[in-house]
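None of these values were measured; they are calculated from a predicted model. Proteins come first, then strands; the chains are lettered A, B, ... in the order of their sequence lines, and each starts at number 1.
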Protein chains: 2
Amino acid sequence: MIEFGRIDHVGQVVDDLDAAIVDYQRVFGMRVALREELPEQAVEAAMLEAGRCRVELVRPTDPEGPVARFLEARGPGMHHIAFAVPDVAVALRGVAAAGGELVDERPRVGLGGRLMAFVHPRSAHGVLIELIEDRG
Amino acid sequence: MIEFGRIDHVGQVVDDLDAAIVDYQRVFGMRVALREELPEQAVEAAMLEAGRCRVELVRPTDPEGPVARFLEARGPGMHHIAFAVPDVAVALRGVAAAGGELVDERPRVGLGGRLMAFVHPRSAHGVLIELIEDRG
């Protein structure tokens, strides 16, 4: 049994990160907690917060990357859900043992230096699920 | 400023609710907290839980309804994010005052009898945002 915490955040793909930040600030009163480029994932990302809600806005930086292809195929919108887990490696093994298909065989470093890994959408009826470490 | 709690749940559209429940139970160890038909929204919905993560699986029951059209256009996948708010009517007024475009001008009753309302995806770069009452 995998040990889950909360929904850490939801990830959205946008084509204009600055414009999206301005709109989320204006309409929902969210604030930017973190913004950085993640060259390994070919994106620039910003984590926005309001209360205990977190939304990660992601803009592709390489037209050949997977997020650029997602944006091209589906347009801006919801991209992934991140479930907080105390140990990403343990959770990955649990998902794989239960027959889940992994995108990442082992944890890697994502936004804010946190360990994370993706489970393939084929294992969740079309939904890309991120497992992200939260020891808190 | 709108007062937000946590991400209450994330909604996914599926074409086969029974199969999706079985897979989420098997791969992620989630359990069904609630399942009911919502004729007004032309869906059958199930709320699945693991830890403090909640996922609402939604299957269209009317081929002419908005969820059926979403499924037809985009296939199974992420549909909405629900932000918990202490008072949906107050939050709706806040979003509208900030220039957000509403789907629901006033709260209505959703899964489990809880008050909720949708904000239009045009206000959130392609993301359908639900505001859901959580007095807890």
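- For B:L57, no part lies near chain A; criterion is any non-hydrogen pair under 4.5 Å.
- Contact check for B:R6 versus A:I7: no side-chain heavy atoms found under the 4.5 Å cut-off.
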Start with the C-alpha gap between A:M47 and A:H9, add the side-chain angles, then the distance that decides, and say whether side chain to side chain contact (heavy atoms under 4.5 Å, CB included) holds. CA-CA 9 Å; A:M47 189 67 81; A:H9 65 270; 3.8 Å; yes

Could you walk me through whether A:M78 and A:Q12 pass side chain to side chain contact (heavy atoms under 4.5 Å, CB included), step by step? CA-CA 4 Å; A:M78 299 178 77; A:Q12 340 266 35; 3.6 Å; yes

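- Considering only heavy-atom pairs separated by less than 4.5 Å from chain B, the leading option among A:V119, A:I129, A:I81 is A:I81.
- Atom-to-atom distance recorded for B:F83:CZ and A:C53:SG is 5.0 Å, nearest 0.5 angstrom.
- Below 4.5 Å, heavy atoms of chain B meet heavy atoms from A:V95, A:A98, A:G99, A:G100, all part of residues 91-100 of chain A.
- Residue-level contacts of residues 63-74 of chain B with chain A, in order of numbering, are B:R74; threshold 4.5 Å between heavy atoms.
- Looking at A:V10, the atoms closer than 4.5 Å to chain B (heavy atoms on both sides) sit in the backbone and in the side chain alike.
- Across all non-hydrogen atoms, the minimal contact from B:E3 to B:P86 is O-CD, 3.3 Å.
- Within the model, atoms CG of B:L102 and NE2 of B:H120 stand 10.5 Å from one another, a figure rounded to the nearest 0.5 Å.
- One finds a salt bridge joining A:E44 and A:R59 here, because a Lys/Arg side-chain nitrogen approaches an Asp/Glu carboxylate oxygen to under 4.0 Å.
- Per-residue counts of heavy-atom pairs under 4.5 Å with chain B were compared for A:S123, A:G77, A:A20; the largest is that of A:A20.
- A distance of 10.0 Å separates CG of A:L48 from CG of A:L34, quoted to the nearest 0.5 Å.
- Side-chain polar atoms of B:E56 and B:H80 form a donor-acceptor pair below 3.5 angstrom.
- Going from atom CG of A:D23 over to atom CE of A:M30 covers 13.0 Å, rounded to the nearest 0.5 Å.
- Rounding to the nearest 0.5 angstrom, the gap separating the CE atom in A:M116 from the CG atom in A:L131 is 9.0 Å.
- Here the CZ-CZ distance, from A:R108 to A:F118, works out to 6.0 Å after rounding to the nearest 0.5 Å.
- Looking at A:Y24, the atoms closer than 4.5 Å to chain B (heavy atoms on both sides) all sit in the side chain, from C-beta outward.
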